[in-house]
Amino acid sequence: MSHCQRLCLSARFVLPVSSPVIENGFVLIEGNKIKEVGQRRELKKQPGLINVDCGDVVLLPGLVNSHSHLDYTSIARKIPPTTDFVSWIKSIIELKKTAIDYEKSWLNGATMLKNSGVTSVADIESVPSLLPRIFESTPLRMISFIEVIGLTQDWNNDVLNIIEKLHTCNLTNKKIGISPHTLYSTIPAILKETLKLAREYALPVSIHLAESEEEFLMFKNCSGPLYNWLKEKGRNMEDCGYGSPMKTFFNNYSPPQGVLVAHANYLDDDDITVLRTNEANIVHCPSSFEYFGHKMFRFDELIKAGINVCLGTDSLASAKMEENVVLDMFYEMRLFSKRLINPEVIVKMATVNGAKALGYEGKCGSLNPDAFADLICIPYDGKQSDVYDAVIHHKGDVLFSLIDGKFVYGTEDYRKILNDVTQ
Ligand SMILES: [Zn+2]
């Protein structure tokens, strides 16, 4: 949209998420930002305003996917669901030795997210060399967390050079972060070097922690199948036996505040205090959780402690075996609703909480003045009291999606109306 052009979208319902549902509402967009949100009758007549009435729909902020692995999208349906975490790791290591078209996989994953209403994503990048070429192929607002893995001292530290080069990239809605893969796969010396780099360049940090019982046993008790397998592979196990994975990571490595922790399924009681003290953000991935048949996720206690919990899709390497399986945050919300009755809490996890975790609080994940105009539209003609419920039960693609005020996806009808006026 040119800077002088202003677009007003009106709808039966506007769901800002950061404030209550508005019946007969509007969202006024100027350039790449939201200028005003309110009730249609409050809208003042303004010259040059382009008005689009979207009818019986809900306009809501684009969804925030706080944990994905786009480059694993083509690994869908290759590994059947298992409760044996070590055998799953072995399977994925074997699969990664085969010819995977990571670029195609990443781009397909990005398209799936865009079409199903995601406008911001935290992606873990296992093939960062692809990024300079493909970064701009997707309009998604993105933090690309470059993954660092190393089981022995003689690791290839090229990845740190890539991070140094990429972090200065000057792309409007893309950022670089850093992701030591996890405690068991990133040995202490490498983890320290990675976190040092994160501090030096003020990069956001994400890590997988306490995903499995096997990982918990390895660090807490120096036992279990993961401990035995990694010891056999020659990993130095001297960092085990200092407490739970959470305590080992936060107490021994002093990471920056606000780390984005994927999973956090297996926790000691006092781990929750550790997470709160370090202002960690937790990403729960319901379909991946179900795939592995995990025994616990202490959601209620985390929320009670005031910890920010958001939602992610994880990768399709740990997704159901159904044909045409896609990355879909509406599906993740629906799956989590089996456990949590309150749909408003779930929608917040997929919007405002995700935005906070990614450092975009007030900028995306909610419809408010000065936020980026990242919003989506889904059909709905029911009651105001059921709007949140309608959101989590929406199936399929969205009617349209705007990122930075630009039309990026939608039905042909909306394309005709919005494409020209938003470019
Ligand atoms: Zn992951």
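We count ligands from 1, going down the list as the structure has it; atoms in each ligand are counted the same way.
Atom OH of Y331 is separated from atom OG1 of T313 by 12.0 Å, given to the nearest 0.5 angstrom.
Of all the N, O or S atoms in D314, the one closest to the Zn ion (ligand 1) is OD1. Atom NE2 is the N/O/S atom of H67 found closest to the Zn ion (ligand 1).
A salt bridge does not link D374 to K406: none of the charged nitrogens lies less than 4.0 Å from a carboxylate oxygen.
Taking the ring pair (Phe, Tyr, Trp, His ring centres under 6.0 Å) definition, one finds that F13 meets it with Y380, sequence neighbours left out.
Residues in residues 338-349 take part in these salt bridge (Lys or Arg N to Asp or Glu O under 4.0 Å) pairs, two or more places apart or across chains: E290-K338, E344-K348.
The distance from the Zn ion (ligand 1) to the nearest N/O/S atom of H208 is under 2.8 Å.
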